[in-house]
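Right, I'll just put the structure down here and ask away after.
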2 protein chains.
Amino acid sequence: MPARNHNKISNSTHHQQPLADFKVGVDNVIFSVDTAQNRLLVLLVMRQQEPFSNSWSLPGTLVRQGESLENAAYRIMAEKIKVNNLYLEQLYTFGGPHRDPREQTNSYGVRYLSVSYFALVRFEEAELIADKVAGIAWYPVKQIPQLAFDHHEIITYGHRRLKNKLEYSPVAFDVLPETFTLNDLYQLYTTVLGENFSDYSNFRARLLKLGFLSDTGIKVSRGAGRPASLYKFDEKAFAPFKDKPLVFI
Amino acid sequence: MPARNHNKISNSTHHQQPLADFKVGVDNVIFSVDTAQNRLLVLLVMRQQEPFSNSWSLPGTLVRQGESLENAAYRIMAEKIKVNNLYLEQLYTFGGPHRDPREQTNSYGVRYLSVSYFALVRFEEAELIADKVAGIAWYPVKQIPQLAFDHHEIITYGHRRLKNKLEYSPVAFDVLPETFTLNDLYQLYTTVLGENFSDYSNFRARLLKLGFLSDTGIKVSRGAGRPASLYKFDEKAFAPFKDKPLVFI
DNA sequence: CCAAAAGTGTTCTCGATACACCCATGG
DNA sequence: CCATGGGTGTATCGAGAACACTTTTGG
């Protein structure tokens with residue numbers, strides 16, 4: 001979406017075109033990680049209305065009077081899913097004309113603009129809210145079906161952002177249980193970033209050296225093998241790293 | 001285009017608030033670097049209308065019928081400034097209710113939302129378009145006056161983005177002359193990132209090793225001292241670095 | 001000749017990578 | 001006792017920081 005070297009900018013000092021009227025939609029790219037199956041998932045809903053009725057799409061809504069963009073994004077979450085922890089941030093705004101088929105029917109009418117948000121939730125605790133008619137499901141990012149509008153593009157954009165966030169900020173801890181093993185953390189990273197982002201023992205060493213993971217001393221056994229220590233994310237110890245780039249990976 | 005898919009499950013349960021109607025504004029944070037004086041500059045314009053008449057503000061406009069967000073951003077550029085090269089990308093969308101005083105006068109009326117764009121232009125070639133009444137000027141980022149709306153916040157956000165862009169991508173070359181000395185490049189970096197981001201000789205060594213700067217062989221003298229080589233940015237040689245993070249700094 | 005700017009080289013440290021190896025548990 | 005997963009240690013390589021040094025110009 002960046003534009004490089006646009007050499008010609010057409011000057012338009014001619015008389016004023018009328019302003020466009022907008023409805024503003026918010027669409028959420030909601031990710032979760034199924035660590036058991038090592039899959040990165042996106043939440044999709046089945047549209048019940050035109051346009052694109054019976055297509056899968058991102059959960060979205062139109063912004064209401066008195067409602068902020070962010071609140072609209074939270075409202076979507078609340079309507080689709082029950083979670084205790086989540087990470088949410090704005091992604092990008094898509095707003096060219098004629099991207100919504102509804103605009104063509106009444107060509108001088110209202111425009112539709114979409115502000116997309118990106119969210120990360122904990123898969124194990126996320127409870128989908130299925131009403132009687134509407135379909136709602138987690139889809140592996142590798143197997144996204146045809147989507148309404150340009151939602152595929154939005155997911156691609158969101159996925160890129162998720163990878164960056166994971167590498168540069170401690171979002172992972174917003175989405176892990178209070179205590180977790182280093183392997184849980186490692187699985188999360190490999191699932192999102194791909195198999196070959198780092199060796200486990202190096203990952204482990206790097207993170208422990210940083211000093212914001214505290215060992216609770218509690219051990220958990222998962223089948224065979226040596227029991228693993230449960231760790232906690234220590235917010236205070238992390239403080240010095242805030243705003244500093246490149247903490248992870 | 002995006003989707004206002006309101007799947008309203010909530011339709012039956014909650015009573016539906018009316019949707020908000022929006023005008024959509026685009027505001028540009030336009031940066032340039034005055035290498036002669038080592039200053040990072042932002043373009044500001046004096047507002048001629050209410051609200052915030054006679055306040056400095058970011059150059060902006062309202063989106064017209066049939067116009068894309070990006071085109072609106074380019075139109076602002078064209079109205080305020082003449083340049084041959086620029087870098088432009090979307091920044092963030094600010095859209096809380098009541099961020100624009102116009103909303104309060106007619107409280108159930110239209111909302112104002114701002115999609116901000118971030119631009120970088122070449123200071124030496126940028127020609128400001130001053131119409132008879134409107135004030136327009138470059139301000140050093142260190143000396144921004146009181147601004148209309150939440151424009152100060154937008155600039156802060158844009159400045160952060162600019163720093164990241166410089167570090168991780170070759171925006172600098174969009175804004176340097178076709179050929180430039182390594183010192184020109186270095187000055188640009190120090191001005192934006194701060195004095196202590198790197199030693200000159202290390203900066204130089206790192207960049208040359210990457211191999212996408214080609215020496216034209218031409219030398220330029222600037223007063224006393226050994227003449228400097230003019231370099232070119234070699235787009236083809238840069239290709240392998242595309243999408244790879246962390247190329248610079 | 002000398003100051004100033006451009007450009008080169010050297011040393012040191014630290015982090016990333018790739019492993020090999022030890023430890024504790026369940027079956 | 002051995003397979004399995006958890007955890008520790010070590011050798012190597014290269015990138016980055018600091019800084020001394022050389023080269024080429026103008027005055």
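We name chains A, B, ... by the order of the sequence lines, and we start the count at 1 in each one.
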In terms of relative ring orientation, are B/Phe238 and B/Phe233 parallel, tilted or perpendicular, with 30° and 60° separating the classes?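 B/Phe238 and B/Phe233: tilted rings.
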What does B/Thr181 touch in the nucleic acid at a heavy-atom separation under 4.0 angstrom: a base, only the sugar-phosphate, or nothing?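 Here B/Thr181 touches no strand at all.
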Does a side-chain N or O of A/Tyr200 approach OP1 or OP2 of D/dG7 to a distance below 4.0 Å, or not?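 So the side-chain polar atoms of A/Tyr200 do come within 4.0 Å of the phosphate oxygens OP1 or OP2 of D/dG7, strictly under.
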Atom pair distance, as rounded to whole Å: OH in A/Tyr186 and P in D/dG7: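 For the pair A/Tyr186 OH and D/dG7 P, the rounded distance is 14 Å.
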Axis-to-axis angle between the two ends of the helix from C/dC1-D/dG27 to C/dG27-D/dC1 (five base pairs per end, rounded to 10 degrees):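 Inter-axis angle at the ends, rounded: 10°.
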Charged N to carboxylate O below 4.0 Å: is that the case for B/Lys163 and B/Glu167?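 Judged by the 4.0 Å cut-off on N to carboxylate O distance, B/Lys163 and B/Glu167 do not form a salt bridge.
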Any chance you could measure B/Asp215, atom CG, to B/Ser229, atom OG, to the nearest 0.5 Å?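 Taking CG in B/Asp215 and OG in B/Ser229, the distance rounds to 3.5 Å.
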B/Phe31 and B/His159 aromatic ring geometry - parallel, tilted or perpendicular at 30°/60° bounds: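 If you compare the ring of B/His159 with that of B/Phe31, the planes turn out tilted.
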Which listed nucleotide (C/dG7, D/dG7, C/dG9) is nearest to the side chain of B/Ser201?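 Out of C/dG7, D/dG7, C/dG9, the nucleotide with an atom closest to B/Ser201's side chain is C/dG9.
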A/Asn196 CG to C/dT17 P: how many Å, rounded?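 It is 11 Å, rounded to the nearest whole Å.
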With a 4.0 Å cut-off on heavy atoms, is A/Arg222 in touch with a base, just the backbone sugar-phosphate, or nothing at all?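 No contact at all - A/Arg222 keeps every heavy atom at 4.0 Å or more from the nucleic acid.
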Separation between CG of B/Leu230 and CD of B/Glu178, rounded to the nearest 0.5 Å: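 It is 11.0 Å, given to the nearest 0.5 Å.
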Expressed as a whole number of angstroms, how long is the span from A/Asp199:CG to D/dG9:C1'?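 Roughly 13 Å, once rounded to whole Å.
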Angle class for the A/Phe203/A/Tyr189 ring planes (parallel below 30°, perpendicular above 60°, tilted otherwise)?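 Tilted.
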Nearest whole angstrom, please: distance from the C1' of C/dA6 to the CG of B/Leu208.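 To the nearest whole Å, that distance equals 12 Å.
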Euclidean distance, A/Tyr157 OH relative to A/Phe94 CZ, rounded to 0.5 Å: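 It is 7.0 Å, given to the nearest 0.5 Å.
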Indicate whether OP1 or OP2 belonging to C/dT8 is found under 4.0 Å from a side-chain N or O atom of B/Arg204.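 Checking B/Arg204 against C/dT8: at least one side-chain N or O falls below 4.0 Å of OP1 or OP2.
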Mind listing the N/O atom pairs, protein and nucleotides 24-27 of chain D, below 3.5 Å?
unit_1	atom_1	unit_2	atom_2	d
D/dT24	O2	B/Arg226	N	3.2
D/dT25	O2	B/Gly225	N	3.1

Without hydrogens or angle criteria, can the side chains of A/Ser198 and A/Arg206 be said to hold a donor-acceptor pair below 3.5 Å?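 Indeed, the side chains of A/Ser198 and A/Arg206 share at least one donor-acceptor pair under 3.5 Å.
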How many whole angstroms separate atom OH of B/Tyr189 from atom P of D/dG16?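 Value for this atom pair: 13 Å.
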Looking at side-chain heavy atoms only, is the closest gap between B/Val29 and B/Tyr117 below 4.5 Å?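 No, every pair of side-chain atoms sits at 4.5 Å or beyond.
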Compute the ring centroids of B/Tyr92 and B/Phe118, then answer whether they are less than 6.0 Å apart.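 Ring centres of B/Phe118 and B/Tyr92 not closer than 6.0 Å.
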Could you tell me the separation between the CZ atom of B/Phe203 and the C1' atom of C/dG7, rounded to a whole number of Å?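 Between C1' of C/dG7 and CZ of B/Phe203: 14 Å.
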Judged by modelled atom types alone, do A/Glu124 and A/Thr35 share a side-chain donor-acceptor pair under 3.5 Å?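 Short answer, yes.
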Nucleotides 10-15 of chain D: which of its N/O atoms have a protein N/O under 3.5 Å away?
unit_1	atom_1	unit_2	atom_2	d
D/dA15	OP2	B/Lys209	NZ	3.4

